[in-house]
Amino acid sequence: MQKLTEAEVQEALVKLPGWKLTDGTLVREWTFRDFKEAMVFVSKVADAAESANHHPDIDIRYNRVRLALITHDAGGITTNDVELAAAANEL
């Protein structure tokens, strides 16, 4: 998997509402009604990540969930990260 260029990452961000670039990583936060709703979302993200064999860093704080995506093997953001971010947006 090849790392995307800065221009390609910026182009992808235009199509990924809510996502931002933080320290070379795609990041987005969601806020839910309660912990249970947050965990249902995390479970769906886990299913999508397993299907893609590409796993985000997930931070859960009661009703807030933060996903961070980067392909460590490629040293940056790849199409795998962009695709998983898009899938998370659809959930």
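Numbers here simply count residues along the sequence, with the first being 1. Keep in mind it's a predicted model, so treat the numbers as computed, not measured. The figures here come from the full heavy-atom set of this structure, side chains too, leaving out hydrogens, waters and symmetry mates.
Scanning for side chain to side chain donor-acceptor pair (under 3.5 Å) contacts around Thr25 gives an empty result, with sequence neighbours left out.
The aromatic rings of Tyr62 and Phe35 sit parallel, their planes meeting at an angle under 30°, below the 60° perpendicular limit.
Proximity of a side-chain donor or acceptor of Ser51 to a complementary backbone N or O of Asp47 within less than 3.5 Å is detected. Proximity of a side-chain donor or acceptor of Thr71 to a complementary backbone N or O of Asp73 within less than 3.5 Å is not detected. Between the side chain of Glu8 and the backbone N or O of Leu4 there is no donor-acceptor pair closer than 3.5 Å.
Hydrophobic clustering places Met39 together with Phe32 (ILVMFWY residues linked when any side-chain heavy atoms are closer than 4.5 Å, directly or through intermediates). Linking Ile, Leu, Val, Met, Phe, Trp and Tyr whenever their side-chain heavy atoms come within less than 4.5 Å leaves Ile58 and Ile70 in two separate clusters.
For the residue pair His55 / Glu50, a side-chain donor-acceptor distance below 3.5 Å is found, with atom types taken as modelled. Side-chain contact annotation: Asn63 with Thr31, donor-acceptor N/O pair under 3.5 Å absent.
For the pair Glu37/Asp34, a side-chain contact is recorded, criterion being any heavy-atom separation below 4.5 Å from C-beta on. Between Val14 and Glu11, the closest side-chain pair of non-hydrogen atoms is not below 4.5 Å. Between Arg28 and Leu69, every side-chain heavy-atom pair lies at or beyond the 4.5 Å cut-off. In this structure, the side chains of Trp19 and Asp81 stay at 4.5 Å or more apart for every pair of heavy atoms.
Screening Leu67, Leu84, Val65 against Val45 for a side chain to side chain contact (heavy atoms under 4.5 Å, CB included) leaves a single residue, Leu67.
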Report task. Take Trp30 and Asn89, measure what side chain to side chain contact (heavy atoms under 4.5 Å, CB included) needs, and give me the verdict at the end. Result -> CA-CA 10 Å; Trp30 286 263; Asn89 275 0; 3.8 Å; yes
Report task. Could you walk me through whether Asp59 and Arg64 pass the side chain to side chain contact (heavy atoms under 4.5 Å, CB included) test, one step at a time? Result -> CA-CA 8 Å; Asp59 184 37; Arg64 291 180 296 134; over 6 Å; no
Requested in this report: Could you check Arg66 against Val27 for side chain to side chain contact (heavy atoms under 4.5 Å, CB included), going step by step and ending with a plain yes or no?
Outcome: CA-CA 7 Å; Arg66 178 183 183 270; Val27 176; 3.6 Å; yes
**Report entry** Stepwise side chain to side chain contact (heavy atoms under 4.5 Å, CB included) check, Val82 with Thr78
**Finding:** CA-CA 7 Å; Val82 172; Thr78 66; over 6 Å; no
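Shown here for Gln10 and Leu21, the closest heavy-atom pair between the two residues is NE2-CD2, 3.8 Å.
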